[in-house]
Protein chains: 4
Amino acid sequence: MSYKRSFLMEERLADNRQRILKAARALVAEGGFNHASIAAVAASAGMSAGAIYRYFPSKSALFVEVLTSAIDHEIAILQAIVQGEGDVTARLRACVESFANRALEGPYLAYAFIAEPAEQEVDEARLLGRIRFGEVFKSLLIEGIEKREFPAQSIDIGAACIVGAFTEALVRPIAPRAKRDGRAELVEGIVAFCLRAVGAKIF
Amino acid sequence: MSYKRSFLMEERLADNRQRILKAARALVAEGGFNHASIAAVAASAGMSAGAIYRYFPSKSALFVEVLTSAIDHEIAILQAIVQGEGDVTARLRACVESFANRALEGPYLAYAFIAEPAEQEVDEARLLGRIRFGEVFKSLLIEGIEKREFPAQSIDIGAACIVGAFTEALVRPIAPRAKRDGRAELVEGIVAFCLRAVGAKIF
Amino acid sequence: MSYKRSFLMEERLADNRQRILKAARALVAEGGFNHASIAAVAASAGMSAGAIYRYFPSKSALFVEVLTSAIDHEIAILQAIVQGEGDVTARLRACVESFANRALEGPYLAYAFIAEPAEQEVDEARLLGRIRFGEVFKSLLIEGIEKREFPAQSIDIGAACIVGAFTEALVRPIAPRAKRDGRAELVEGIVAFCLRAVGAKIF
Amino acid sequence: MSYKRSFLMEERLADNRQRILKAARALVAEGGFNHASIAAVAASAGMSAGAIYRYFPSKSALFVEVLTSAIDHEIAILQAIVQGEGDVTARLRACVESFANRALEGPYLAYAFIAEPAEQEVDEARLLGRIRFGEVFKSLLIEGIEKREFPAQSIDIGAACIVGAFTEALVRPIAPRAKRDGRAELVEGIVAFCLRAVGAKIF
DNA sequence: CATGAATGAGAATTCATTCAT
DNA sequence: TATGAATGAATTCTCATTCAT
């Protein structure tokens with residue numbers, strides 16, 4: 001196996017893997033997990049159904065990865081903001097804005113994030129994702145309370161509520177077949193709600 | 001066919017319809033939408049699978065109604081609170097408490113409310129349900145702002161955020177296979193979050 | 001549900017069940033367990049593949065029953081002989097003759113009896129069947145030794161050897177696509193072998 | 001292509017062929033024919049799946065050869081005994097002992113020998129193997145009768161019965177997931193049965 | 001020549017829906 | 001009108017075989 005051969009090979013394999021994930025993601029965004037059968041994913045990725053199984057051991061595993069990787073990506077962005085500059089209030093605002101804007105741009109993530117999937121394994125991945133999202137906001141809440149930017153409050157509950165609040169406010173606009181308008185006001189409204197909710201002082 | 005006969009007939013038909021809905025609801029509560037096959041619903045309702053189709057044109061239609069009627073029931077309770085006594089803040093608190101307590105008691109409604117169902121038609125019913133839930137809180141927000149209990153704010157967004165916040169904070173506790181403890185603190189935490197979020201003065 | 005309706009219904013259901021078993025048995029006899037897919041059984045029984053699952057919970061269960069019922073039938077016949085008249089030697093001879101003649105008549109049983117099936121559950125049923133066949137001959141051996149018709153010998157091993165001996169001697173003639181000739185001499189040869197093997201006095 | 005090159009080539013090819021057979025044999029021994037997919041054989045032989053097809057035209061052909069070569073080996077051992085020293089009775093005893101001991105040591109051969117394989121071609125090879133085993137004992141029987149060690153008897157049938165008897169008595173002990181104990185008594189019991197069956201004088 | 005990714009034809013199983021009785 | 005047996009299409013997954021590289 002020459003170097004070049006191996007290199008091209010690996011690249012193609014990685015390509016296929018990504019193509020499958022992308023196709024699966026797109027199908028989930030379009031019609032939910034149930035719309036994304038293995039056959040549909042394969043067709044959309046331009047390969048046979050059997051080929052999927054060279055890259056993923058099962059349908060569950062594929063969709064767990066679809067969900068997890070989307071959430072990973074989202075969380076990495078939020079964590080960069082959390083660890084960035086500025087006071088806690090500003091960073092909380094930035095997190096919500098950032099997530100909301102991306103959700104409105106490419107609606108699939110938030111949609112899948114809320115969706116109840118068929119498979120138990122995917123279900124568990126989704127719950128875990130929600131928890132991980134909560135952690136991000138938990139760290140902000142803790143810091144905000146320490147620095148007296150926010151009043152004392154229940155941290156776990158607050159973090160979950162924030163996630164739920166902006167998620168829900170995005171659900172209708174990002175739902176399949178829904179119009180998306182007035183984005184700026186929407187985002188600003190969500191941010192305002194969250195900042196008030198945590199007791200940020202600017203309001 | 002005499003009047004009486006016809007009357008009894010209709011009554012029986014209505015009875016069967018309710019039996020089916022009840023059975024379907026119970027099965028969804030037990031194991032989610034996927035656990036409730038037509039055969040299972042029929043068996044649980046004490047009738048044949050074919051008989052279901054005398055009352056509902058399809059499985060989707062049945063589950064749309066299961067969802068809708070559950071939401072109707074929930075909304076009727078909330079609206080009674082909204083139209084009741086007390087200042088807006090107290091009624092908002094009562095709404096959230098009431099919903100949260102019932103969700104923690106019988107977790108299926110809230111779970112199904114958040115869940116993404118298999119069928120597209122059910123999906124749409126769920127979205128509609130979320131909107132209708134929002135309406136309830138919208139009316140409270142409008143009244144609260146009018147009466148100067150709450151500051152001016154985006155009403156649509158606020159209503160959606162409230163629904164999302166308490167929904168999400170309940171997801172983990174009500175998810176299948178999850179423990180439910182510290183209910184009082186949980187409910188109080190959610191209420192506090194929501195009241196802060198709408199700018200209620202008590203805080 | 002009237003009596004007549006119920007009666008006819010049950011009869012038809014029982015009929016179908018038997019038709020499925022018969023079709024499965026025939027396919028196994030023709031081409032072994034692997035030749036008998038659910039689709040093939042269904043086609044051969046004149047029904048859809050899905051219908052099989054109204055009568056049997058799984059493919060394994062179907063073939064376990066095919067095997068078990070064939071063995072049950074065979075064992076019942078042998079046990080009747082064992083508990084019948086005559087000295088032990090005569091009854092041992094009758095058992096072997098009876099089994100061999102039926103195997104040569106309808107070869108499927110002996111063939112399936114020897115076959116290694118794909119499914120683990122069927123495999124276990126097959127092993128159990130062999131053991132049960134052995135038991136029949138064990139009881140004859142015990143009685144024969146007690147009554148001094150046979151010398152002392154290892155009973156478990158002897159029983160297994162008898163089963164193996166006549167089974168094997170029948171395999172070639174009863175194998176699919178094999179000629180069957182000289183039946184009388186074959187049966188007599190097998191009987192003679194077995195009687196000598198247990199030390200019956202006539203030889 | 002020089003002579004030497006060609007020679008080495010052929011040697012390597014022969015090597016690969018043996019590696020494949022060895023790997024296939026090992027996999028059959030571990031988990032039966034169904035456990036030995038082409039991919040598994042290839043991986044175990046340290047080559048690609050496609051490469052298998054340079055040496056064997058099909059999976060069936062490979063497993064026919066696995067079976068045949070195992071039987072060849074076994075028969076060679078038995079024939080060496082048959083053509084060795086001692087009276088016929090002693091050599092018959094040695095044959096059965098030898099086979100039984102090896103079967104109990106490495107149970108795969110005997111098991112595969114009895115097993116019904118998936119492919120029809122393998123099935124036929126198995127039947128042929130049984131016949132060839134019979135031949136070995138046929139020659140002993142003929143010699144034994146000639147030398148008056150055994151009484152006159154049906155040779156073909158007797159040979160088949162011997163094969164079946166010791167095979168069957170070994171099935172349970174060598175079946176997957178079965179305990180193997182009391183080997184010495186087992187082997188002695190089988191030998192005794194066979195010697196009595198052919199009318200050897202020692203008993 | 002060897003590779004191993006891809007194919008494609010099945011495999012078992014499930015279940016909403018229909019329709020003869 | 002009610003029944004529930006039967007259908008048939010769809011599902012996930014497996015694997016011998018092929019063929020571009």
Side-chain angles (χ1 to χ4, degrees), chain A residues 1-2 4-6 8-10 12-13 15-16 34 36-42 46-60 62 118-119, chain B residues 9 12-13 16 34 36-43 46-63 118-119, chain C residues 1-2 4-6 8-10 12-13 16 34 36-42 46-60 62 118-119, chain D residues 9 12-13 16 34 36-43 46-62 118-119:
Chain A
M1 213 188 298
S2 73
K4 198 175 176 187
R5 165 99 179 265
S6 164
L8 288 173
M9 214 62 155
E10 272 171 36
R12 183 154 62 86
L13 292 189
D15 250 40
N16 277 352
N34 287 43
S37 69
I38 286 286
V41 172
M47 54 209 306
S48 72
I52 303 278
Y53 288 86
R54 183 162 294 275
Y55 301 94
F56 298 91
S58 70
K59 196 198 180 196
S60 292
L62 168 57
E119 323 272 338
Chain B
M9 211 70 148
R12 185 156 60 86
L13 291 186
N16 278 350
N34 288 15
S37 67
I38 286 287
V41 171
M47 53 209 305
S48 71
I52 304 275
Y53 287 84
R54 198 150 291 280
Y55 301 95
F56 298 91
S58 71
K59 199 199 181 197
S60 293
L62 166 58
F63 284 107
E119 322 278 335
Chain C
M1 213 189 295
S2 72
K4 196 175 176 187
R5 164 98 180 266
S6 164
L8 287 174
M9 211 69 151
E10 273 170 35
R12 184 155 60 88
L13 292 190
N16 277 351
N34 287 43
S37 67
I38 287 286
V41 173
M47 54 209 306
S48 71
I52 304 277
Y53 287 85
R54 184 162 295 277
Y55 300 94
F56 298 91
S58 69
K59 196 197 181 195
S60 292
L62 167 57
E119 323 272 338
Chain D
M9 210 73 147
R12 184 156 59 88
L13 291 186
N16 278 350
N34 287 16
S37 66
I38 287 285
V41 172
M47 53 207 307
S48 71
I52 303 275
Y53 287 84
R54 198 150 290 280
Y55 301 95
F56 298 90
S58 71
K59 197 196 182 198
S60 293
L62 166 57
E119 322 278 336

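All values below were derived from every heavy atom in this structure, side-chain atoms included, with hydrogens, water molecules and symmetry-related copies excluded. Letters A, B, ... mirror the listed sequences (proteins, then strands); counts begin at 1.
Base pairing in DNA chain E gives the following stems of 3 or more Watson-Crick or G-U pairs, range against range and under 3.5 Å: E:2-21 with F:2-21.
Residue-level contact check: A/Ser37 touches the backbone only, with heavy atoms under 4.0 Å from sugar-phosphate atoms and none from bases. Base contact: D/Ile38 has a heavy atom under 4.0 Å from a base atom.
A distance of 11.0 Å separates OG of C/Ser48 from CD1 of C/Ile38, quoted to the nearest 0.5 Å.
Where C/Ile52 and A/Ala39 each meet DNA chain F at their nearest nucleotide, the meeting point lying more 5' is that of C/Ile52. Nearer to the 5' terminus of DNA chain F, by closest-nucleotide assignment, is the contact made by B/Ala49 (compared with the other of A/Ala51 and B/Ala49). Take the nearest nucleotide of DNA chain E for D/Gly50 and for B/Ser60: the residue whose nucleotide is more 5' is D/Gly50. Both C/Ala36 and B/Ser58 sit near DNA chain E, but only C/Ala36 has its closest nucleotide nearer the 5' end.
If you measure from atom CE of C/Met47 to atom C1' of F/dG4, you get 13 Å, rounded to the nearest angstrom. Rounded to whole Å, atom P of F/dC13 lies 10 Å from atom CG of A/Leu62. If you take OH of C/Tyr53 and P of E/dA11, they are 11 Å apart, rounded to a whole angstrom.
Of all nucleotides listed (E/dT17, F/dT7, F/dA16), E/dT17 comes nearest to the side chain of B/Lys59.
Summarising the geometry of B/Tyr55 relative to B/Met47, their closest heavy-atom pair is CE1-CE, 3.9 Å, with the distance given to 0.1 Å.
Look at B/Arg54 and you'll find a side-chain N or O under 4.0 angstrom from OP1 or OP2 of F/dT1. Checking the phosphate oxygens (OP1, OP2) of E/dG4, no side-chain nitrogen or oxygen of D/Ser48 falls inside 4.0 Å.
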